[in-house]
Amino acid sequence: MYKLIDGKKISQEIKDELKVKVSDLKAQGKNICLAVIQVGNDPASSVYVGNKKKACAYIGIESLAYELPEETSQEELLALVKKLNEDDKVNGILVQLQLPKHIDEEMVIQTIAPEKDVDGFNEKNVGALCVGSKGYVSCTPLGIIQLLKRSGVEIEGKNCVVIGRSNIVGKPMSLLLLRENGTVTICHSRTQNIKEITKQADILVVAVGKPKFVDESFVKEGAVVIDVGIHRNENNKLCGDVDFDRVAPHTSAITPVPGGVGPMTIAMLMSNCVSSVE
Ligand code: GUN
């Protein structure tokens with residue numbers, strides 16, 4: 001029988017730990033303030049932003065919401081980011097992605113001051129992760145490491161396979177698993193004989209962005225499977241990149257969708273905000 005890795009429960013534990021830390025910091029006169037910027041009103045982004053604001057309120061972090069219209073120019077957005085970079089009251093800045101097509105996402109990310117880049121997307125923070133020095137790390141992969149550790153999954157010496165090489169998940173995930181002394185392989189859209197590789201995995205992290213991409217033929221018996229995807233299927237039900245019903249019986253532990261990786265991303269964002277002050 002497999003173990004269900006409960007991201008909802010683990011993220012709640014983390015948020016409760018952070019709440020105590022924030023209250024201690026407040027007693028020392030230290031406030032935490034996160035600025036959240038959304039451009040346009042993509043419904044999925046609005047849900048994410050809403051959840052981030054709710055988590056801030058729960059933990060005791062002040063959040064400043066900037067809801068900008070779709071037609072906001074790149075110059076206007078960059079000017080706001082620069083203003084927040086200079087604002088001593090603001091500890092963290094988050095620009096919700098995706099941005100409208102007329103805005104250069106990379107330019108915006110690189111404009112956020114590295115010491116306020118609680119998403120960990122800035123080159124300086126990615127470079128720090130790469131060389132093993134201190135810096136902010138992207139929240140989703142950071143949350144996955146917490147899921148594994150708090151579920152008692154050992155990473156050291158294990159074959160870890162990551163499917164997907166995005167800057168937000170796949171690349172930082174691989175570096176974090178390496179930092180935990182895993183033996184790491186990255187698969188992507190050009191990988192040949194992908195199943196031969198994924199079948200070697202003791203820990204398989206799937207971040208491809210395709211509903212039910214991974215079935216049981218990708219998975220070694222007894223592997224730990226982490227599903228980063230979130231999609232709506234033909235019946236409007238949420239599903240992941242992994243075909244849960246077919247894969248779960250072959251695993252020793254697996255994350256569900258929803259209630260697996262998703263809630264961890266927000267918990268780790270809160271954790272990054274707290275460390276911005278600590
Ligand atoms: N869009 C999807 N995931 C993320 C994330 O982790 N941070 C931001 N800023 N935008 C996102």
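Just so you know, ligand 1 is whichever comes first in the structure, and atom 1 is the first atom listed for that ligand.
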May I have a table of the N/O to N/O pairs between ligand 1 and the protein that fall below 3.5 Å, each row giving the two atom names and the distance to 0.1 Å?
residue  : atom   : partner : partner atom : Å
ligand 1 : 1 (N)  : Gln96   : NE2          : 3.3
ligand 1 : 1 (N)  : Leu97   : O            : 3.1
ligand 1 : 7 (N)  : Asp119  : OD1          : 3.1
ligand 1 : 7 (N)  : Asp119  : OD2          : 3.3
ligand 1 : 9 (N)  : Val95   : O            : 2.9
ligand 1 : 9 (N)  : Asp119  : OD2          : 2.6
ligand 1 : 10 (N) : Leu97   : N            : 3.1

Q.
Once salt bridge (Lys or Arg N to Asp or Glu O under 4.0 Å) is applied, do any residues pair with Arg165, and if so which ones, sequence neighbours excluded?
A. none

Q. Are more than 12 heavy atoms from other residues, nucleotides or ligands located less than 6.0 Å from atom NZ of Lys220?
A. yes

Q) Is the CD atom of Glu278 crowded by more than 12 outside heavy atoms at less than 6.0 Å? A) yes

Q: Tell me, with the steps shown, if Lys195 and Ser217 meet side-chain hydrogen bond (donor to acceptor under 3.5 Å, both in side chains).
A: CA-CA 7 Å; Lys195 293 184 188 180; Ser217 64; 2.9 Å; yes

**Q.** Partners meeting salt bridge (Lys or Arg N to Asp or Glu O under 4.0 Å) with Arg179 (sequence neighbours left out)
**A.** none

Q) How would you list all residue pairs meeting side-chain hydrogen bond (donor to acceptor under 3.5 Å, both in side chains) that involve residues 33-47, not counting sequence neighbours? A) Gln38-Ser46, Asp42-Ser45

